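Down below is the structure, laid out as C-alpha cells.
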There are 2 protein chains.
Amino acid sequence: MTHATTVWQANRSGGLTGAEALIETSLAAGVDVCFANPGTTEMPLVAALDSVPGTRAVLGLFEGVCTGAADGYARIADRPAMTLLHLGPGFANGIANLHNARRAHSPVFNVVGDHASWHLAFDAPLTSDIVSLASPVSGWVGTAASGVGLAQLTARAIAAATAAPGCGATLIAPADFQQEVLTAPVDVELPHPRSRPEVAADVIDAIAKRLRAGERAVLLLGGAALDERGQRAAARIAAATGAVLYSETFPAAAERGGGLPDLDRLPYFPEKAIEALAGAQLVVLAGALEPVSYFGYEGVPSLLAPSGTVEVLSTPEEDGALALEVLADALGAPEPAPQPRPDDEGLPDGALTPQSVGRIVSVLLPEQAIVSVEGGTCGYPFFTASSRAARHTALTNTGGAIGQGLPAAVGAAIAAPDRKVVALQSDGSAQYTIQSLWTMAREQLPVVTLIASNRAYNVLRTELGRHGQSRPGPNATALTSLDGPAFDWPALARGYGVPGTRVETCEALRRELGRALAADGPQLIEMAL
Amino acid sequence: MTHATTVWQANRSGGLTGAEALIETSLAAGVDVCFANPGTTEMPLVAALDSVPGTRAVLGLFEGVCTGAADGYARIADRPAMTLLHLGPGFANGIANLHNARRAHSPVFNVVGDHASWHLAFDAPLTSDIVSLASPVSGWVGTAASGVGLAQLTARAIAAATAAPGCGATLIAPADFQQEVLTAPVDVELPHPRSRPEVAADVIDAIAKRLRAGERAVLLLGGAALDERGQRAAARIAAATGAVLYSETFPAAAERGGGLPDLDRLPYFPEKAIEALAGAQLVVLAGALEPVSYFGYEGVPSLLAPSGTVEVLSTPEEDGALALEVLADALGAPEPAPQPRPDDEGLPDGALTPQSVGRIVSVLLPEQAIVSVEGGTCGYPFFTASSRAARHTALTNTGGAIGQGLPAAVGAAIAAPDRKVVALQSDGSAQYTIQSLWTMAREQLPVVTLIASNRAYNVLRTELGRHGQSRPGPNATALTSLDGPAFDWPALARGYGVPGTRVETCEALRRELGRALAADGPQLIEMAL
C-alpha cells in the first residue's frame, strides 16, 4: 500500500468539524456516494453531507441494502462507496453483504458512528463491541481518537480498501470527534489510484513451458482477470493449446456475451466440478483461488483439482489480464475466430421454465446491461444461455450470504446510470433485503427485477435429498417451503412504489420484460415457475 | 449456575445422530420452540426436528425475525426458545435483535451450523469467524467437537442462557458432528429451573433505615421487579414513605393496567431524566441498572442520578420482587388504595394524533393483551394513557437496535397462544424486519399490527435539531424522510398474506381496531399521522 502525501486544507473560515473533515477527505479520495442508514450518533456526519457538498447520499431502509449496494457499486465503478451505519447493531445488519463484498474483493469504506468517547464507559443500551463485529468482514478497522484522526483515518481506510485486490475498511467515528471543531489545516495521505502489481516473467514462462509441452490444461479465470482483455487472451491460449477455460463459479463481475468467449462457470456441486477438472495435468489459476467444495460432504474431497496440478498464474491482487496476454503472446497464440453473433431466433413459448427464462432474458437483454444474478433456479440456465447475448456484465453472489442480488443491483445502477440493470433473483433470497425495492423507487433506478417464484428454498430441498431426506417430514417441509401463504410480489412491489406484475407464460414474460426494459425507473416482474 | 446430573439416553435402536442428540437434549431441557432460517449446514438438524418429535419449528424469512421472536418468546414464557441460523452471515443477520435480547436479559439458545470441521481450513465462500460475531451478543459461546459434544454443550448452553438474569448462549454445530451417529447413551447435565437469588437482609435493612429517616427517595424498578408483585410492593413503599416510583425507560416486559400502580417510565432525554431525579437524596434500584443517558450529549452528564444517591436493592439477577415485599413489610407499609378502574369514557374524535392513538389503543385493549411497543411516536403517548387500561404486558425495545417490535410480537404470540398481541410500531423501524408479517400469516398468529405512519425518522429530526440543524439540508432531509415514495402499508401486508387497511381518523381507528381484535389471525392497520 503506497500513498502520495497531500496537504488537505479546510476551505472555509471558522474551522470545520471532524465530520466535515471526514467528508472532505473522502471526497478528495474520490468517494462521492454514501449508502446510509444513520442514527443519532451519525447526525454530525449527516449534517456534514450538506455542509460539504459533493456526496450523493442514498438512504437504505435496512443496512444490508446499504452494504450490498456498496458492493455492487464497487464491482461496477471499481472504486469504493461509503456506507454510513449506526453503531454495532446497525453495522451488524450490514455484515452479511459485507461478507459477500469481502469475497468479491470489493473496496468498501464503512463509517460507523459510535457513542461519544467519554460516554462509552457507561454502557448505555446501544453500546456494543463494534471491533469484534467488524473484524470478520473488514481488512482494516480503525477507531478515531480525535477530529483530526477522523480525517487521517478516512484517508488510510480508503487506501486500505482500494489497495489491490480490495477489501472492506471500517472506520469507527465517536460522536464527540465528529462534532469537534478543527481550526488548523490537517495533512492526510491520499491513496494512489487503484493499481495491480504485474506478474513476474518467470512465473509466466514456467506455465508457458508446460503448456507448450502439451500438458492437458484447465485455465480457471477469476476476479479482475474476467474482464474483456483477460477473456480474449484466455481464448487465444485455449485455441493455441487446447486448454479448457472456466470462470470461477461465483465471479464478482464477469463480462459476458457480445462475441466474448463462451466461458462456462466451474460447476457448483463438488462431484461435477471434480469431474470437470479430472483429466487435467495442469490447472492454471488466473485471478481465481484454488477451487474448493462450497460445502463439505462426507466422502467428497474439499479440494476439487487433481492433487499437484494447481499453478498460480496470477493472484487476485495481481494484473491477471496482462499476465494472460503475456502468456498468450509467449505461446504465439493467434486471435481466435470471433464467437457467433447473439442468437435471437426461436424463442420458447408456453409455460415458464428456468430454461425458457434464461433464454428469454438473454435474448431481450439490451447492450451493456448489468445482470445481478442471485439464486440457482434461473441463475444457472441464464448463464448457459447468455454467452450469446448482447454484451453485458454479470454480478453473482460471491460469498453465499443471501440477500445480495437486489442491493447489488441498486449499487450497480448508481455506479452506471446509463446502463440498464436486470436483477434476476430467486424469491427466497429476495426476501432478506426486500427493502431494496424502495431505494430503487426513491432513486428511480432503471432496474428490472425478475423474481423466479417457485415458492420454496429449492436448494435446501436438494441438500435434504443429499442427506438422505428425499421425503422431508412436516418440519423440514415447513422450513423449506415459501407457500402458505405465497408472496404476492406485485403487491410487495407496489407497497414500495415499484410497478409490479406477474407472468405465467413465455409470451407474457417476453411482452412484460420488453415493456419493463423500455420504461423509466424500476419495474418488477414475478415469474411463476 | 447449578445443574442436576441426569442421564440422557437414546430412546431408539440403531443409534441417533449428533443433530438428534442436540434436539433431544434441548427438549429434555424444556426448549420446544425453534425459530429457524436454516441453510445447507443445518440440514441434519432440520431432519432431526422431524425424527425427534416435539419441537415447534417456525420459519422466519430473515434471521432478525427469528432472534427477535426468540427474545419476545423468552420475555413472555420466561424460558428460552432455540434459534437455528446459517453460519456466520446468517447469525450476523440476527445480531441486532440478539443485542436487544441481551439488554432484556432474555434467555435465548442459538444454534449455528458450521462447515464440517475437516472442511473449515479450506476457507470456502461461507467460512467466517462466527465466534467473533457471536461474542458481543452471547453470554456463552461454544463450539462442539463431536456428536456427543453437541448434546453436552446443548445442556450447558441452555443452563447458561437460563441462569439469572438470563443471556444469549450460542452453540456452533459443525455439520459433520450433526451427522455423526452416536451408538452409546450420553450423560448430560440438565439445568435447574430458572431461579433468582434472594437479596441479603442487611441490604434491605440499610435501605429501610434511610427511608424511615425520611430521605427523599426515588424507587427505580426494572427487569423482573416489574412484575405484579414487585409493582404492588413498590406502591406500598411509595404510599408509606412518599418515595417516587419510576420504571426503567425501556423495560423488557412490564405488567400494566388493570389497577396496577401508575408507574411512569424514567424520561428518555437526559435533561428530563435528570430533572426527574434531581430532588432525590436516595435513588433505589430494584432490578434496574443505574440510569445513564441513552446517548452522550455535550455538556450533559452521562449519569442521571445525583452523585452519591444510588443504592442497589436488587441486581437484575436477584429476586427484586421479593426484596421489595420484604422492604415494604419492614416499613410496615399497608396496601394502598386500589387504582381507579380502567377508563373507557370520552374517546377522542377527528384526525389521528399520537395522543388519540395512545388513548384509543388503551381503551380498546382486551384483558391480558400483550403490547409490543417500538418507536416513540405513539409509544410514549400509549404509556401515558395505558396505566388505566385493562391488565396487559408491555414489551419495549431494550437495546435500541430497531426492527424489534414485530419479531417480538411473533415470539410473544407463540409463547402465549391465548392472548391477543398488539404491535404498536413506528413505520421506519417496522421496515428492518418487515418479513415478520409473513410469519404472522403462516402461523396465523393473533397479532394486530398498528403502524404509526408519519413517513419520517422523526427521532432523527429531533436529534438533528439538538445538533443545531433545525433546518436540515437536502441530504439530511432525504436521510430522515420516508416519503418519496410513501409506503403502501396495506399492499405490503397483503403481499405477505396479512389483511391490511389504512385509517386517518379516530372513528376509523376505533372501528378497524375493534374489528381486527375480534378477527382470527393477523391484521395490520396503517394509522396515517
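This one's a predicted model, so the numbers in the text were calculated from it and none came from an experiment. Proteins come first, then strands; the chains are lettered A, B, ... in the order of their sequence lines, and each starts at number 1.
- Both the backbone and the side chain of B:Trp118 have a heavy atom closer than 4.5 Å to some heavy atom of chain A.
- The contact between B:Ala476 and chain A is made by backbone and side chain atoms together, counting heavy-atom distances below 4.5 Å.
- In this structure, chain A has heavy atoms under 4.5 Å from both the backbone and the side chain of B:Ser293.
- Proximity to chain B (any heavy atom under 4.5 Å) is shown, for A:Thr127, by both the backbone and the side chain.
- Applying the salt bridge (Lys or Arg N to Asp or Glu O under 4.0 Å) test to A:Arg494 and every residue at least two apart in sequence or in another chain returns nothing.
- A distance-only check finds a donor-acceptor pair linking the side chain of B:Gln435 to the backbone of A:Gln431 [under 3.5 Å].
- Only the backbone of B:Val58 comes within less than 4.5 Å of a heavy atom of chain A; no side-chain atom from C-beta onward does.
- No part of B:Phe91 comes within reach of chain A, as not one of its non-hydrogen atoms sits under 4.5 angstrom from that chain.
- Within the 4.5 angstrom heavy-atom criterion, no atom of B:Ala493 approaches chain A.
- No other option in A:Asn397, A:Leu460, A:Val292, A:Asn97 has as many heavy-atom pairs under 4.5 Å with chain B as A:Leu460.
- Residue pairs meeting the ring pair (Phe, Tyr, Trp, His ring centres under 6.0 Å) criterion with at least one member in residues 37-65 of chain B, sequence neighbours excluded: A:Phe62-B:Phe62.
- With a 4.5 angstrom heavy-atom cutoff, B:Arg466 does not touch chain A via any of its atoms.
- Taking chain B as the reference chain and counting heavy-atom pairs below 4.5 Å, the highest number among A:Trp489, A:Tyr294, A:Phe122, A:Tyr432 is found for A:Tyr432.
- Using the six-membered ring where Trp is involved, A:His86 and B:Phe295 have ring planes that are tilted, between 30° and 60° apart.
- For B:Thr462, no part lies under 4.5 angstrom from a heavy atom of chain A.
- Most heavy-atom pairs under 4.5 Å with chain B, from the set A:Pro474, A:Ser128, A:Ala441, A:Gly428: that is A:Pro474.
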